[in-house]
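The next block holds one structure in the form of structure tokens; read it before the comments.
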Amino acid sequence: MTSTVEPQDLRIGMFIHLDGGWMSHPFPLSSFKISNAEQIDTIRSLGLKRVRWSPERSDLPAEAVAGDAGQAGPQGDAGAAATEPVVVVAPVAEDPATRARRQAEARAEAEAAALRVCERQYQEACRDLRRVNDALVGEPERARDGAQALTRALLDKMLIDAELCVRVLGEPTGDRHSAHAINVTVVSLLLARSLKMAAPEMADLGTGCLLHDMGKLALPDRVRLPHDDFTSAEASLYRDHVGHGITQGRRMGLSPGALLVVAQHHELADGTGFPKGVTSERMSVGARIVSLVNFYDNLCNAATPSKSLTPHEALSRMFAQSRNKFDATILSGFIHMMGIYPPGSLVQLSDDRYAMVTSVNSARPLKPQVRVHDPARSHGVHLNLEDCPDLGIRRSLRASQLPARAAEVLAPRLRVAYFFDVSATPTVEEQL
């Protein structure tokens, strides 16, 4: 049961629901319990006429909850309910097996709910970026403002005093251009956060990330994605997207920091990148971050899907074959944040079961959360390896190495999409 309350009547302890969508407020979750006066001030500043809240999930004096719940009208007659006799029922003891099964089901449901929230936020971000791209040619300044607003919304969720985890999503829908830009932006900002980059520099980084490939919109469709069989003319035309992006960025009035990200996102630390072939010393810190993350995402989401690598394969190749192409500190920070087995990696556990890594907390990168194929069940089982001291990851796998039933349950992604949330998986009711 939920009711509504005017913003001036909000109190600490109320469990509220902000229904305007992810971009309409700065909080990491849209449903949460108010814990301090600053949160109340922020909610009041949103201009809402009413706020929905759940009395039964709130931590308020009983009489306050009863009084406010009574305002819900058709939800029930609080006065009549008060006259009913109270019956106290002693709890029924659960056997350990039943309790373990119930707890496992609750964890799986909470994990699924958290994933739905991330996927909804990801889709909202992609939608807003498409609006930015639609305005690039005719309304460049409006496109700039839209990109900056989207960056601020992402930073509002990231720059909080809590650990964040990187989460792999279901198969992304929508256009590839927006999905790639959001992928690169989210991972780059998370990496910048872990490297203690200052907030103003992160704002430039985010805006530049969102727009780093906007020059491709000026290219013919056939050369917007890199292919190994390009002719020299096609390869040259593809590389021109950086110059087109710089020109567009100047028309938009982008800040110098954001413009450098657009100009240098294909440069590499050893000087083998393009268009200028500059080395790390001449690249901005933001550009060094985006260069690495862009490289990684292109390995995981190749233009030809059959050539895509698993996240673990991509990270391994970058470290083993290409580490001189990246800033050493940034590469080390990226591996620490994503883990040895980044989200989306397919693995075999030490007990021989097959699993997919679903999220990684950078504070505990060797103990990710996984979705396990249990032959005794018809669905995947969610496990946090941090809670399983005797269980670990034995090896990484390609999708083709999975048995048919495991592949059906784990559903390996053809395209990898990332988002983020707070590390502690929220309860089901916090996500509703």
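Values in this document were obtained by computation on a predicted structure and should not be read as measured data.
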Mind checking whether Phe32 and Phe15 have ring centres under 6.0 Å apart? no
Okay, side chain of Ser284, backbone of Ala287: is any donor-acceptor separation there less than 3.5 Å? yes
Test Val293 against every option in Val186, Ile330, Val184 by the side chain to side chain contact (heavy atoms under 4.5 Å, CB included) rule and name the one that passes. Val184
Is there a side-chain contact between Ser194 and His336, using heavy atoms and a 4.5 Å cut-off? no
Separation between CE of Met356 and CG of Leu397, rounded to the nearest 0.5 Å: 13.0 Å
Is Thr185 reaching over with its side chain to a backbone N or O of Leu210, donor-acceptor style, under 3.5 angstrom? yes
Nearest atoms (heavy-atom pairs only) where Cys118 meets Leu169: CB-CD2, 3.8 Å
Taking His265 for the side chain and Val262 for the main chain, is one N or O donor matched with an acceptor at less than 3.5 Å? yes
Side chain to side chain, Glu201 and Asp204, heavy atoms closer than 4.5 Å: no
Might you point out which heavy atoms bring Arg371 and Gly380 nearest each other, and give the distance in Å? NH2-N, 3.6 Å
Compare all side-chain heavy atoms of His379 with those of Val409 and state whether any distance is below 4.5 angstrom. no
What is the minimum heavy-atom distance between Ser188 and Leu205, and which atoms define it? O-CD2, 3.8 Å
Side chain of Gln321, backbone of Met318: donor and acceptor closer than 3.5 Å? no
Heavy-atom pair with the smallest gap, counting every atom of Leu315 and Pro342: CD2-CG, 3.8 Å
Would you say the ring centers of Phe334 and Tyr296 fall short of 6.0 Å from each other? yes
For Asp421, does its backbone N or O pair with a side-chain atom of Arg167 as donor and acceptor, under 3.5 Å? no
Using atom types as modelled and distance alone, determine if a side-chain donor or acceptor of Thr310 lies under 3.5 Å from a backbone N or O of Glu313. yes
What distance separates Leu331 CG from Phe319 CZ, expressed to the nearest 0.5 Å? 7.0 Å
Indicate yes or no: does Asp59 engage Lys33 in a salt bridge with an N to O separation below 4.0 Å. no
Hey, does the side chain of Asp9 reach the backbone of Val5 with a donor-acceptor pair shorter than 3.5 angstrom? no
Working for side chain to side chain donor-acceptor pair (under 3.5 Å), residues Asp297 and Asn183: CA-CA 7 Å; Asp297 193 70; Asn183 260 6; 2.9 Å; yes
Value rounded to 0.5 Å, distance of CZ in Arg193 from CZ in Phe420: 9.0 Å
Quick one: are Ser345 and Ile393 in side-chain contact, heavy atoms under 4.5 Å? no
Verify the ring-centre separation between His212 and His266: is it less than 6.0 angstrom? no
Ring geometry between Tyr238 and His241 (parallel below 30°, tilted from 30 to 60°, perpendicular above 60°): tilted
Sub-4.5 Å side-chain heavy-atom contact between Val422 and Ile160: yes
Quick one: do Asn294 and His180 satisfy side chain to side chain donor-acceptor pair (under 3.5 Å)? Show the steps, please. CA-CA 8 Å; Asn294 184 59; His180 170 69; 2.9 Å; yes
Where do Asn301 and Ser308 land on the side chain to side chain donor-acceptor pair (under 3.5 Å) test, with the steps shown first? CA-CA 5 Å; Asn301 296 300; Ser308 295; 5.4 Å; no
On the 0 to 90° scale, with breaks at 30° and 60°, tag the Tyr341-His312 ring pair as parallel, tilted or perpendicular. parallel
Stepwise, does the side-chain contact (heavy atoms from CB on, under 4.5 Å) test hold for Arg415 with Arg176? CA-CA 9 Å; Arg415 290 165 57 192; Arg176 186 189 183 101; 4.2 Å; yes
Taking everything shown except Arg282 itself, do over 12 heavy atoms lie less than 6.0 Å from its CZ? no
Assess the residue pair Leu10 and Val51 against the criterion (side-chain contact (heavy atoms from CB on, under 4.5 Å)); give the C-alpha distance rounded to whole Å, side-chain angles, the decisive distance to 0.1 Å, and a yes or no. CA-CA 8 Å; Leu10 291 171; Val51 178; 4.3 Å; yes
Would you say that Met283 contacts Asp327 through its side chain, given a criterion of any heavy-atom pair below 4.5 Å between the two side chains? no
Taking it one step at a time, do Arg395 and Gln348 satisfy side chain to side chain donor-acceptor pair (under 3.5 Å)? CA-CA 6 Å; Arg395 61 173 179 146; Gln348 189 171 24; 2.8 Å; yes
I'd like to know if Asp213 pairs up with Arg224 as an ion pair, taking the criterion as any Lys NZ or Arg NE/NH1/NH2 lying under 4.0 Å from an Asp or Glu carboxylate oxygen. no
If we only count heavy atoms from C-beta on, is the Leu195 to Val285 side-chain gap below 4.5 Å? no
Donor-acceptor contact present, side-chain Ser359 to main-chain Val166, <3.5 Å: no
Determine yes or no for a side-chain-to-main-chain donor-acceptor pair under 3.5 angstrom, with Ser45 supplying the side chain and Thr42 the backbone. yes
Met158 CE to Thr151 OG1 distance, which is reported to the nearest 0.5 Å: 9.5 Å
Output the distance between atom CZ (Arg398) and atom CG (Leu346), rounded to the nearest 0.5 Å. 9.5 Å
I want to check something: taking the side chain as every heavy atom from C-beta on, are Phe27 and Leu18 in contact at a cut-off of under 4.5 Å? yes
For Arg116, is there an ion pair with Glu119 - N to carboxylate O distance below 4.0 angstrom? no
Please tell me whether Tyr122 and Tyr418 form a close aromatic pair, meaning their ring centres lie under 6.0 Å apart. no
Got a salt bridge between Glu267 and Lys276, using NZ or NE/NH1/NH2 to carboxylate O under 4.0 Å? no
Asp228 atom CG: more than 12 heavy-atom contacts under 6.0 Å: no
Run the side-chain contact (heavy atoms from CB on, under 4.5 Å) check on Arg353 and His373 step by step: do they pass? CA-CA 6 Å; Arg353 288 185 295 175; His373 169 236; over 6 Å; no
Any donor and acceptor pair, going by atom type alone, linking the side chain of Arg52 with main-chain N or O of His17 inside 3.5 Å? no
Mind checking the CG-CZ spacing from Leu219 to Arg222? Nearest 0.5 Å is all I need. 9.5 Å
Please determine if Lys367 and Asp387 form a salt bridge, counting it only when a charged side-chain N lies under 4.0 Å from a carboxylate O. no
Give the intermediate values and the outcome of side-chain contact (heavy atoms from CB on, under 4.5 Å) for residues Val117 and Phe419. CA-CA 10 Å; Val117 170; Phe419 213 70; over 6 Å; no
Looking only at non-hydrogen atoms, find the nearest pair between Thr304 and His227 and report the distance. OG1-ND1, 3.8 Å
